[in-house]
Every structure is written in structure tokens, then in C-alpha cells.
Amino acid sequence: MKRTHRCAELTVKDAGKEVVLMGWVQKRRDLGALIFVTLRDRSGIMQVVFNSETDPALHEKASQVRSEYVLAVRGTLALRSPEAVNKNMPTGELEVIAKELRILNKSEVPPFHIEEDSGANEALRLKFRYLDLRRPDLQRNLILRHRVAKIARDYYDENGFLEIETPVLTKSTPEGARDYLVPSRVHPGKFYALPQSPQLFKQLLMVSGYDRYMQITKCFRDEDLRADRQPEFTQIDLEMSFVDREDVMEVNEGFIRRLFKEIHNIDLPTPIPRLTYNEAMTRFGSDKPDTRFGLELVNVSDIVEESGFKVFSDAVKNGGSVRAINAKGAGAKFSRKEIDALGEVVKTYKAKGLAWIVVEENGLKSSFAKFLTEDEINALLKRLEAEKGDLLLFVADKDEVVFDALGHLRLELGEKLNLIDHDRYDVLWVTDFPLLERDEEENRWVAKHHPFTSPMDEDIEYLDTDPARVRAKAYDLIINGYEVGGGSIRIHSRELQNKLFNVIGFTDEQAKERFGFLLEAFNYGTPPHGGLAFGLDRLVMLLAKTDNIRDVIAFPKVQNASDLMTNAPDYVEDKQLEELSIKLVTKSEQ
RNA sequence: GGCCCGGUAGUUCAGUCGGUUAGAACGCUAGCCUGUCACGCUAGAGGUCGAGGGUUCGAGCCCCUUCCGGGUCGCCA
């Protein structure tokens, strides 16, 4: 028997045809002399009927099948009688009247139901990932992922990009995330590193004149996992020569627009909205703001600077600020206990506390209003456009802490107050990031993006005098509060690159040792260039409307970076270690 | 490394104040059943209450340790 169709590809137009279907038994309903089997393949399900009256031997065989058996069925595709139509099933008007059945393989009873929205524990599903992947929702996600990758390749190909592979076994570079290391057998004591991104290689491809490069490629970062972070993940990586920031943003907007059109038939605005880093921080307390709802931050530092509430006045006088969110209507909804819980939220982000005012029918209830004058309170209410039933929440600290705390508090409130429209996509660019940030531990400046990011031309003069003021030619693409892409125009002048290494405290020797090949390349005619990388997993996660990156990766890892199915990572034979000249300092029992 | 949540039948869960033989639903097995599609009916099997220790006359429940999973902070140029 040879398969003629997939189950759910058949329509009423095919009625009357003889078909051969192959797939897994979703469900067997045995009514005695009549047996219904729903057969499942990646397209969906189709009902197959076995009737003892027409073919007793066939019926007897069908009575042996169980869930997840693999069957080949030959039969006639028939229209169901009107009263037998199942409106809840895409192929509910059809069924196959079986003429021949082959049991291609048996199956043990699976450890969990293979069905949409499996309620089974994720650890169990990950251990039996190959079964989990039979479920329609995960199949949809992986098919979606394929389509996104296909659209990316098509789009960038149409725009003159070449897909070029870069090495996976490469050199460890300082800064950034922790590297995954691979020991060299041939060079005892030496290690390759798996790439955190193909950053240096794609810049070298620009030096080589390839002009427009793209690659869908795995990247590796040995850092702790999150709901939206895996240690190995996939980037749609690209780089372009002879471009400025606008060129890169424009071509990539085209991709994102095409993606949303083809996947969800959504027309994203042209151009995609932009926020500067400063605006994003002051309005939303985040450099990846979720703009699907309001609750924007309001600076009230000037009002409380001279107030009698020392928490506020000291914060401002020490160079920080006092900012607030008006949680509209939450004063009437939240209990004292719930407000205290919000205080715990901001403490997670190093805020010392959360000051609050509830605007009630007959006046105010507040944790701190007694320290303020009536004028100051009225000014606060006015600035925050407070109305009865509102809850005003204040954090006073260094700007960094205030933004972080209120930014996360805002997200919590958005969720708690049900302000987020989960069917909506807000896509935006955040631009004008600071080039550098202060590493307090090491007491030096470090690159916020990476050390090859170009400063804005007009800010170069401040590299020595006021590094914090220097903005980068960098841009991130944000969707619904997730960073799904980011990139920059790179430095292509050897002098400027040296300058930057100096600012971040690299000696010439260190720079040469780590990036020597890149710096040398820059001596041989480097075109102006820049690029960007999208996180494919996050992009698919958002398009699939899930909030867990594991749902869009075929074989993901769990929080401790292990794979519950293969049990990787695992111990290896002593012989393997010997060949690699590796001796373990501590060795657990094997 | 810190904080929070969870772990009881194959699965999802309930389990009162610490007290008799740990329950339900689904699934599974067997029998019956010709239009089911959450098929129905009858009967049955199925438990290391994550693990170890402690308190107690008695622990699924209380205490300690530990393992596993999730979320998060740190971390993620």
C-alpha cells in the first residue's frame, strides 16, 4: 500500500475516491459490530469505519488496534449521513469506509494523552518529547517555525543577501556571556568556544566584499535559563555593507512586515514606530517596553524635592528621582494586602519600598501623605491626573533603580488589572542606546551592546570627557515587551576601534590577543557596515502566542540546562577524557 | 548562589484537626453494544504519597535534609 493523501487534506470534493491513509490511532470507539477509529497524521484527523457486517475479518483486526498504533488503511472516502456529521471536526463531514487494514506497528499505552492542550506535567512531556511533538499544538508551532525561517530566507534572498555559514568551533572572546568550551584533542590544553553569535565572522564577510550576508544559525550562551531564554538558540543573523542605520532598519522592517502579513495577515504600520532609549526609560521604565497598555511613569521629583518626606527629598538631592504610576481604578480594587504585595515586587528590583496613595470617596489614604504639605499633595494629584478610586504608587531612588522597579511594577499592574490585549502586537524600534555603561564591580566602562558598535558621530567627542553621554548607532526591535532583535552600525575605522578599546580599558596587547584577526582585517579596506540579528525562537514564540520558548523548540532544555530526554549533559568515559588531556578536579559517582 | 510555587494511581487532581483499609475523574484490561465522535453499560487491575531522616502510640499531613520540575533575582557584550 502506498499513501495517497494526508488525513485532513481530504475534502468533500474527494468523496467517492479510494484513498490510502497512514497514521496513528488517535482514538478507537468500539460499538461492538461497528468500530470507529480516528486516524491522525500531521495534517489532522480522519474517521475510519470498520463494519463487521460487510467484512468480519477486517472488523476483527480493527478490534485489536489501540491508541497510537500505526496503521495503513485503504478504503473509500464517503460523505457521512447528515445526522452523523461532526461539526467540531474539520473533516467531520467525511469518513473512510475501510477495505483493508495493516497494523504497521503497535504502541505501548503512552504516558500521557496525545491531544491538544495536554494537561500533563511539562517534565513528563519533555522526557517523552517525541510523543509530545505528536500533539497538534506543538506541530503547529514547529510548522510555523518552518514558515518563519522560509519567509526569512526568501525575503533576504530577494533583497540580495547571501546565506553563508560560519564556524561553530571557534575562538573564545572576552566580555559578553559565558562561553561553552570544547576541548581540542589535537592541541592539549586548548579549547574552542561555541559562538555566542557569528558577530566577528559576519563583519569579516563584509571586509571580504560579500556585501549582504544572512544566516539562520545556532548561538550558544552558558547562562541561566528563563521562560524566554535557552542556552542554545537560533538567530536570523545578517550584515550589510555601505549602509547607515536607516538602511538596516528599513530592510528589516520589510521583513517583519512581510512576516506579520503572511503569518497573521496583519498590516504593521509604516514606518514601524520608534522610541529613543531615553523616552522608553522615562515613559515605561524599560528599554524593551510593552506598549500595549498605558500606566506610564510620571516624574514628580520637582514637586517633592523640598518636602518633609526624607525618603523623597533625599533621593532627589542625591541625584536620583521620585517617579510614580497612577494605577487607574486599582485603589478601589486592591486590598491593603495586595498593595503590600506590590511593595514586594519593587523590592525584587532593589527599591527600598513603595509609597502609595489611595484616592477615596472622602479623601486620601496613604503611607506617607502626612509628611507632605497640602500643596505638595495637590500638586501630585494633579500631575498624576488622580481621580477617585485610583492608586498612586511611588518609588524614590537612583534613576536606575526607579526605572527598573516601576518598569516591572507596571508590567505586574498591567497583568493584574487585565489591561493587556493578548491578541495585539505592538512592534517598535528602540534607538539611541548609550554606547557604554558602568561596570561598578570592575570599576570601568563596558560596551552595552558590544565593543564594535559605532558611537553616534556627534557624540564621539565625549568619549574621553563624558562616556555616559555617548549614544550608539544601535537599535533593538521590540514586540510586546520582548526584545526580538537588535543590531548596530559597526566601527570600521581602526583608529576609532582602538579608541574604544582604550575607553573600555583594553590594552593594545589585550585587544590584539583577542580580536587581532579582526583588527588586522580592518587594515585592508573595510567598508562601512552594520547589521542586526533576530531571535528566531522569540519571534516564533510571539507569533505562536505562547509565553514559553520551549513551546517552539523541538528538543529544548530545562531550567538547569539539561535535556530530560537524552539526559545530556552526562559523564563520559575516562578514555575520552584522557584523549582530551582533561583531568577532573572533582568527580561524582558514575 | 538567593527568593517563591509545585511533586499523592499511567495522567490530572482531592485528601478536613495528625487517627480505621489513601479517594475521584480520565486512561488501562475484560465482557456487552450497528452511527460513535468526551460513545454507553458492567466488572476489574492499578499507590515507594519524589527520596532520606526525625517528632509521635500513630505521619500523605508536622520538622530537618535532599532530589526533581516551574517562575524569578543575580547572570544574559
Side-chain angles (χ1 to χ4, degrees), chain A residues 26-38 45-54 59 63 66-68 78 80-89 91-95 97 108-115 117-128 131 173-179 196-197 199-200 219-231 233 341 344-350 404-405 408 411-412 433 435-437 439 441 445-453 472 474 483 486 488 500 504 506 514-515 533 535 547-548 550 557-560 562 564:
Chain A
Q26 177 67 38
K27 186 81 190 176
R28 176 186 57 113
R29 287 179 294 278
D30 186 344
L31 277 66
L34 200 60
I35 296 173
F36 298 96
V37 169
T38 40
I45 55 175
M46 172 65 76
Q47 174 163 283
V48 182
V49 194
F50 298 90
N51 192 326
S52 66
E53 211 164 72
T54 47
H59 172 271
S63 70
R66 294 292 183 271
S67 289
E68 302 307 318
R80 296 194 199 179
S81 62
E83 66 276 11
V85 165
N86 183 349
K87 292 195 187 72
N88 300 320
M89 192 173 151
T91 58
E93 293 176 86
L94 296 163
E95 63 189 2
I97 314 295
E108 289 184 20
V109 177
F112 54 88
H113 299 184
I114 313 283
E115 60 181 2
D117 299 321
S118 167
N121 178 284
E122 196 182 359
L124 184 75
R125 294 195 287 117
L126 286 169
K127 186 177 174 197
F128 296 93
L131 296 180
T173 52
E175 312 229 348
R178 207 172 286 118
D179 285 319
Q196 297 177 26
S197 82
Q199 182 62 33
L200 302 183
C219 303
F220 306 86
R221 296 178 189 178
D222 186 4
E223 299 292 350
D224 286 348
L225 289 77
R226 289 289 184 278
D228 65 346
R229 240 165 60 191
Q230 284 270 309
F233 61 101
E344 291 307 310
V345 172
V346 299
K347 280 179 190 165
T348 311
Y349 304 95
K350 301 211 183 76
D404 201 26
H408 284 94
L411 295 177
E412 177 87 11
F433 281 81
L435 183 72
L436 302 159
E437 61 190 350
D439 185 326
E441 255 175 48
W445 294 96
V446 295
K448 189 171 171 70
H449 190 49
H450 58 60
F452 316 107
T453 301
E483 183 195 329
S488 64
L500 204 87
I504 62 176
F506 275 33
R514 290 305 180 176
F515 306 114
D547 55 8
N548 189 327
R550 294 184 296 275
K557 292 177 176 54
V558 296
Q559 189 158 299
N560 64 17
S562 64
L564 296 181

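Letters A, B, ... mirror the listed sequences (proteins, then strands); counts begin at 1.
- In this structure, Glu223(A) does not pair ionically with Arg229(A), as no charged nitrogen and carboxylate oxygen lie closer than 4.0 Å.
- When each of C28(B), C76(B), C37(B) is scored by its nearest atom to the side-chain atoms of Asn86(A), the top-ranked nucleotide is C37(B).
- Across all strands, Asn560(A) comes closer than 4.0 Å only to sugar-phosphate atoms, never to a base (heavy-atom distances).
- Side chain of Arg29(A) to main chain of Phe36(A): no donor-acceptor pair is present (N/O by atom type, distance under 3.5 Å, no hydrogens or angles).
- Distance, Asp117(A) CG to C26(B) C1': 16 Å, rounded to whole Å.
- Between Glu83(A) atom CD and C37(B) atom P there is a gap of 14 Å when expressed in whole angstrom units.
- Judged by atom type and distance alone, Glu95(A) reaches the base of G35(B) through a side-chain donor-acceptor pair under 3.5 Å.
- With C75(B), G71(B), U72(B) as the candidates, the nucleotide lying closest to the side chain of Tyr349(A) is U72(B).
- Atoms NZ (Lys557(A)) and P (C68(B)) sit 17 Å apart, rounded to a whole Å.
- Across all strands shown, G6(B) pairs with C68(B); the Watson-Crick or G-U wobble distances both stay below 3.5 Å.
- Arg221(A) has its CZ atom 11 Å from the P atom of C76(B), to the nearest Å.
- Below the 3.5 angstrom threshold, one finds a donor paired with an acceptor across the side chain of Arg226(A) and the base of G74(B).
- Taking the side chain as every heavy atom from C-beta outward, Gln230(A) and Leu225(A) approach each other to under 4.5 Å.
- Among C76(B), C75(B), G69(B), the nucleotide with an atom closest to any side-chain atom of Arg178(A) is C75(B).
- When each of C39(B), C75(B), U72(B) is scored by its nearest atom to the side-chain atoms of Leu31(A), the top-ranked nucleotide is C39(B).
- The shortest distance between the side-chain N/O atoms of Arg66(A) and the OP1/OP2 oxygens of U29(B) is below 4.0 Å.
- For His113(A) and U12(B), the NE2 to P distance is 10 Å, given to the nearest whole Å.
- Here Leu126(A) lies out of heavy-atom contact (under 4.0 Å) with every strand.
- Side-chain atoms of Asp224(A) come within donor-acceptor range of the base of G74(B), with a qualifying N/O pair under 3.5 Å.
- Picking from G35(B), G74(B), U12(B) the nucleotide with the shortest atom distance to the side chain of Asn121(A) gives U12(B).
- Rounded to whole Å, the P atom of G46(B) lies 22 Å from the corresponding atom of G52(B).
- Between U8(B) and A14(B), the distance separating the two C1' atoms is 10 Å to the nearest Å.
- Interface remark: the Arg229(A) side chain does form a donor-acceptor pair with the C76(B) base, using a distance-only criterion of under 3.5 Å.
- When heavy atoms are screened at a 4.0 angstrom cut-off, Ala227(A) is found touching the sugar-phosphate backbone but no base atom.
- Within 4.0 Å of Ala177(A), counting heavy atoms only, lie sugar-phosphate atoms of the nucleic acid but no base atom.
- Minimum interatomic distance between Ala78(A) and Ile97(A) (heavy atoms only, all atoms of both residues): CB-CG1, 3.9 Å.
- Separating the C1' atom of G58(B) from that of G44(B) is a span of 33 Å, rounded to the nearest Å.
- Base pairing annotation: A24(B) forms a Watson-Crick or G-U wobble pair with U12(B), both donor-acceptor distances under 3.5 Å.
- Using a 4.0 Å cut-off, some side-chain N or O of Lys27(A) falls inside it from OP1 or OP2 of G27(B).
- Contact annotation: Arg29(A) reaches the phosphate of C39(B) (side-chain N/O to OP1 or OP2, under 4.0 Å).
- Looking only at side-chain heavy atoms (C-beta outward), Val558(A) and Glu122(A) stay at 4.5 Å or farther from each other.
- Arg125(A) has its CZ atom 20 Å from the P atom of C68(B), to the nearest Å.
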message: Please determine whether side chain to side chain contact (heavy atoms under 4.5 Å, CB included) holds for the pair Arg514(A) and Thr173(A), giving the CA-CA distance in whole Å, both sets of side-chain angles, and the decisive distance to 0.1 Å.
response: CA-CA 6 Å; Arg514(A) 290 305 180 176; Thr173(A) 52; 5.7 Å; no

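- Between G6(B) and G10(B), the two P atoms lie 23 Å apart (nearest whole Å).
- Aromatic stacking of Phe112(A) on U11(B): not satisfied for centres closer than 5.5 Å together with planes under 30 degrees.
- Using a 4.0 Å heavy-atom distance criterion, Ser197(A) is classed as a base contact.
- At a threshold of 4.0 angstrom between heavy atoms, the contacts of Leu124(A) are confined to the sugar-phosphate backbone, with no base atom among them.
- Both Ser562(A) and Gly176(A) lie close to RNA chain B; mapped to their nearest nucleotides by heavy-atom distance, the more 5′-ward contact belongs to Ser562(A).
- G47(B) and A9(B): their C1' atoms are spaced 5 Å apart (whole Å).
- Side chain Arg80(A) to base U36(B): a donor-acceptor pair is found below 3.5 Å.
- Within the 4.0 angstrom heavy-atom criterion, base atoms lie near Asn51(A).
- When the P atom of C75(B) is taken as reference, atom CD of Glu483(A) falls 16 Å away, rounded to whole Å.
- Listed pair Gln196(A) / C76(B) fails the phosphate criterion, with no side-chain N or O lying under 4.0 Å from OP1 or OP2.
- At whole-Å resolution of the value, CG in Asp547(A) and P in U72(B) are 9 Å apart.
- U21(B) and G2(B) have their C1' atoms separated by 45 Å, with the value rounded to a whole Å.
- Counting non-hydrogen atoms of neighbouring residues, nucleotides and ligands closer than 6.0 angstrom, the NZ atom of Lys127(A) reaches no more than 12 such neighbours.
- Heavy atoms of Val446(A) sit nowhere under 4.0 angstrom from any nucleic acid atom.
- The residue Glu53(A) sits close to a base: some heavy atom pair falls under 4.0 Å.
- Not one N or O on the side chain of Ser488(A) forms a donor-acceptor pair closer than 3.5 Å with the backbone of Ala474(A).
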